[in-house]
2 protein chains.
Amino acid sequence: MTGTGTGPPKRDTYRHGDLRRALVEAGTDLARGGGPDAVVLREATRRAGVAPSAAYRHFADRRALLGAVCSAAQAALAVAMEGELAKVPNRGDPATRARARLRAVGTGYLRFAWAEPGLFRAAFSASEDLRDAASPARAGEGGLTPFQILAAALDGLVEAGVLPRERRPGAEFLAWSAAHGLAMLLIDGPLRGLDPVQARDVGRRLLDMVEQGL
Amino acid sequence: MTGTGTGPPKRDTYRHGDLRRALVEAGTDLARGGGPDAVVLREATRRAGVAPSAAYRHFADRRALLGAVCSAAQAALAVAMEGELAKVPNRGDPATRARARLRAVGTGYLRFAWAEPGLFRAAFSASEDLRDAASPARAGEGGLTPFQILAAALDGLVEAGVLPRERRPGAEFLAWSAAHGLAMLLIDGPLRGLDPVQARDVGRRLLDMVEQGL
DNA sequence: TCACGGTTGTGAACGCTGTACACAACCTCA
DNA sequence: TGAGGTTGTGTACAGCGTTCACAACCGTGA
């Protein structure tokens with residue numbers, strides 16, 4: 001975290017040490033405050049105590065830096081989802097447990113979007129397709145990306161006999177769509193400014209809808 | 001459309017005539033091609049054949065121009081939804097007709113996002129809360145904004161006895177979330193690059209989920 | 001008819017951004 | 001000790017949003 005604090009960005013060595021990491025961390029802080037547009041290459045180098053062009057030794061261009069920040073944000077999202085999942089008790093009958101786990105996944109997703117709107121928007125800013133969704137750089141502590149965590153929860157639903165096997169394929173897209181859409185509307189769209197109680201309420205109803213409609 | 005075509009941006013009068021409209025149209029074209037980030041004030045003035053600073057006679061800053069483009073994009077979205085709604089036959093029993101109308105609303109939404117991704121993203125770029133969602137500038141030919149069109153379809157569902165009255169409040173947020181989320185994932189997110197057939201398929205399943213889960 | 005005042009477009013300027021390139025400091029390894 | 005690759009520096013350029021003094025224009029009342 002060289003140069004992240006106050007004071008002049010002093011460095012004892014000419015080499016920085018781990019500039020790449022420092023830039024990603026600075027970029028992540030910027031994203032936290034203002035979303036993907038706030039990830040400004042020059043500001044990141046300033047915070048790392050380094051000349052603007054130094055960034056080009058580690059990233060092809062601004063988009064590449066944003067891509068790294070995006071991966072970091074997805075990893076943070078995965079951690080949030082894992083955290084909510086860990087709260088689900090391991091006892092009870094398998095069916096209700098599997099349902100609770102899917103709800104936890106959704107709750108973690110929505111909670112993260114609500115708590116860290118800038119990071120959440122950054123997590124979906126850089127271009128990615130389904131291949132990138134499995135990249136380890138986007139995984140949480142359990143080694144799974146947000147997408148994979150959701151898929152696992154749905155698999156659990158099938159194993160517990162709650163979700164018919166023939167409806168399993170593609171189900172992650174449906175569940176993800178619902179949660180993602182609500183998250184966007186809550187932080188960016190016409191639902192911004194809902195108070196936390198209303199937000200939690202509509203979140204619950206949305207998860208009800210998914211559970212019943214899958 | 002002064003200066004929109006090729007050739008030097010000549011003007012016979014000193015006054016432009018309708019610079020505000022010309023700037024919004026140029027901005028909308030830019031958004032169509034590259035989303036909200038592509039709405040570059042200087043480029044819009046260039047296309048209108050006017051000096052950059054002239055824009056500030058009609059818009060406080062770039063965000064204000066983007067806001068106008070956003071309203072235009074929402075109006076276009078409303079027109080697309082109305083178009084799909086107009087295809088629903090007026091005969092048949094009220095319940096299935098009401099259901100068909102809700103599906104048409106969703107289909108129109110998804111179709112527009114798929115056909116005009118840049119415009120769609122622009123439509124939700126500028127800050128707006130629920131009050132703005134009723135602004136006439138964002139309405140289609142029927143005078144309703146996208147949000148109001150959806151609300152009307154849900155009201156129809158209640159009148160036809162398909163949706164219990166007590167579940168009506170807030171239902172627009174659930175339906176909108178699902179459609180909006182899928183749209184985002186399809187044009188910007190991990191589902192980008194799905195071929196049209198798969199996209200149509202997942203769209204249908206999503207609307208099934210909404211219909212069953214509301 | 002004409003001067004006046006408000007509206008609208010011009011031109012030059014400022015600071016910011018992303019990016020390129022030659023150069024210098026540094027580390028590693030022979 | 002010296003060669004060569006890696007990493008950070010300094011300077012430069014074009015493009016962006018924005019400001020401001022000025023000029024062209026138009027409608028109005030004397």
Side-chain angles (χ1 to χ4, degrees), chain A residues 1-4 8-31 33-70 122 125-127, chain B residues 1-4 8-31 33-70 122 125-127:
Chain A
M1 283 257 208
T2 314
T4 295
K10 278 174 194 163
R11 222 181 313 140
D12 44 353
T13 63
Y14 176 82
R15 307 285 193 164
H16 179 283
D18 199 350
L19 181 54
R20 189 194 157 87
R21 177 189 310 274
L23 289 174
V24 173
E25 280 174 5
T28 304
D29 281 352
L30 289 170
D37 290 349
V39 179
V40 173
L41 188 141
R42 286 182 101 110
E43 177 61 22
T45 59
R46 229 172 277 136
R47 294 188 178 199
V50 121
S53 40
Y56 290 85
R57 297 291 173 200
H58 302 276
F59 300 99
D61 55 10
R62 178 187 173 270
R63 279 207 66 77
L65 170 60
L66 185 58
V69 170
C70 165
S125 61
S127 40
Chain B
M1 286 258 206
T2 314
T4 295
K10 277 174 193 163
R11 221 181 314 139
D12 43 352
T13 63
Y14 176 81
R15 307 285 194 166
H16 179 281
D18 199 352
L19 181 53
R20 188 192 158 89
R21 177 188 311 275
L23 288 175
V24 173
E25 280 174 5
T28 303
D29 281 352
L30 289 170
D37 290 349
V39 180
V40 172
L41 189 140
R42 286 181 102 109
E43 176 62 23
T45 60
R46 226 171 279 137
R47 294 189 179 200
V50 120
S53 42
Y56 290 86
R57 297 292 173 203
H58 301 276
F59 299 98
D61 55 11
R62 178 185 173 271
R63 279 206 66 77
L65 169 60
L66 186 57
V69 170
C70 164
S125 62
S127 41

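Order of the sequence lines fixes the chain letters, A, B, ..., with proteins taken first and strands second; residue numbering starts at 1 for each chain.
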S.K.: How long is the line joining CZ of B:R20 and C1' of C:dT8, in whole Å?
M.R.: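 Taking atom C1' of C:dT8 as the reference, CZ of B:R20 is at 14 Å.
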S.K.: Send over the distance from B:L30 CG to D:dC16 P, rounded to a whole Å.
M.R.: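 Taking CG of B:L30 and P of D:dC16, I get 10 Å after rounding.
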S.K.: Could you report the tightest heavy-atom contact between B:A68 and B:R20, atom names first, then the distance?
M.R.: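 Where B:A68 meets B:R20 most closely, the heavy atoms are CB-NH2, 4.2 Å.
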S.K.: Determine yes or no for a side-chain-to-main-chain donor-acceptor pair under 3.5 angstrom, with A:R62 supplying the side chain and A:V39 the backbone.
M.R.: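 Yes, the answer is positive, given that a donor and an acceptor are paired below the 3.5 Å cut-off.
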S.K.: Measure the distance from CG on A:D18 to C1' on D:dG8 and round it to the nearest whole Å.
M.R.: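 After rounding, the reported distance stands at 15 Å.
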S.K.: From B:L41 CG over to B:F59 CZ, what is the distance, rounded to the nearest 0.5 angstrom?
M.R.: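 Here the interatomic distance stands at 9.0 Å.
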S.K.: The side chain of A:V50 is closest to which nucleotide in this list: C:dG9, D:dC16, D:dT9?
M.R.: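 Selected nucleotide (nearest to the side chain): D:dT9.
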S.K.: Nearest to the side chain of A:S53 - D:dC16, C:dT17, D:dG10?
M.R.: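 For A:S53, the side-chain atoms sit closest to D:dG10.
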S.K.: Considering all heavy atoms of both residues, which atom of A:A44 and which atom of A:L65 are nearest to each other, and what is their separation?
M.R.: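 Shortest heavy-atom contact: CB-CD2, 4.4 Å.
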S.K.: For A:E43 and B:R57, take the nucleotide of DNA chain C holding the closest heavy atom to each; which residue's nucleotide lies nearer the 5' end?
M.R.: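 The answer here is B:R57.
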S.K.: Hey, is the side chain of A:R42 pairing donor to acceptor with the base of C:dT19 inside 3.5 Å?
M.R.: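 Counting by modelled atom types and ignoring angles, a donor-acceptor contact under 3.5 Å is found here.
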S.K.: Write down the distance between CG (B:L41) and P (D:dT19), rounded to a whole number of angstrom.
M.R.: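 Distance check: B:L41 CG to D:dT19 P gives 11 Å.
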S.K.: Let me know the distance between CG of B:L65 and C1' of D:dT18, rounded to the nearest Å.
M.R.: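 The distance from CG of B:L65 to C1' of D:dT18 comes to 14 Å, rounded to the nearest Å.
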S.K.: Expressed as a whole number of angstroms, how long is the span from B:Y56:OH to C:dG11:P?
M.R.: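 Rounded to whole Å, this separation is 17 Å.
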S.K.: Just the rounded figure in Å: distance from P of C:dG11 to CZ of B:R46.
M.R.: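 Roughly 15 Å, once rounded to whole Å.
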S.K.: Just compare C:dT10, D:dT18, C:dT19 and give me whichever is closest to any side-chain atom of A:D61.
M.R.: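 Selected nucleotide: C:dT19.
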S.K.: Look at A:H58 and D:dT6 and indicate whether a side-chain polar atom (N or O) is within less than 4.0 Å of OP1 or OP2.
M.R.: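 So the side-chain polar atoms of A:H58 never come under 4.0 Å of the phosphate oxygens OP1 or OP2 of D:dT6.
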S.K.: May I have the distance from B:H16 (atom NE2) to D:dC26 (atom P), rounded to whole angstrom?
M.R.: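 Result: 14 Å.
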S.K.: Answer yes or no: side-chain N or O of A:R62 and base N or O of C:dG18 forming a donor-acceptor pair under 3.5 Å.
M.R.: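 Donor-acceptor pair under 3.5 Å: no.
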S.K.: Which heavy atom of B:L19 sits nearest to which heavy atom of B:A48, and what is that distance?
M.R.: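 Looking at all heavy atoms of both residues, the shortest contact is CD1-CB, 3.9 Å.
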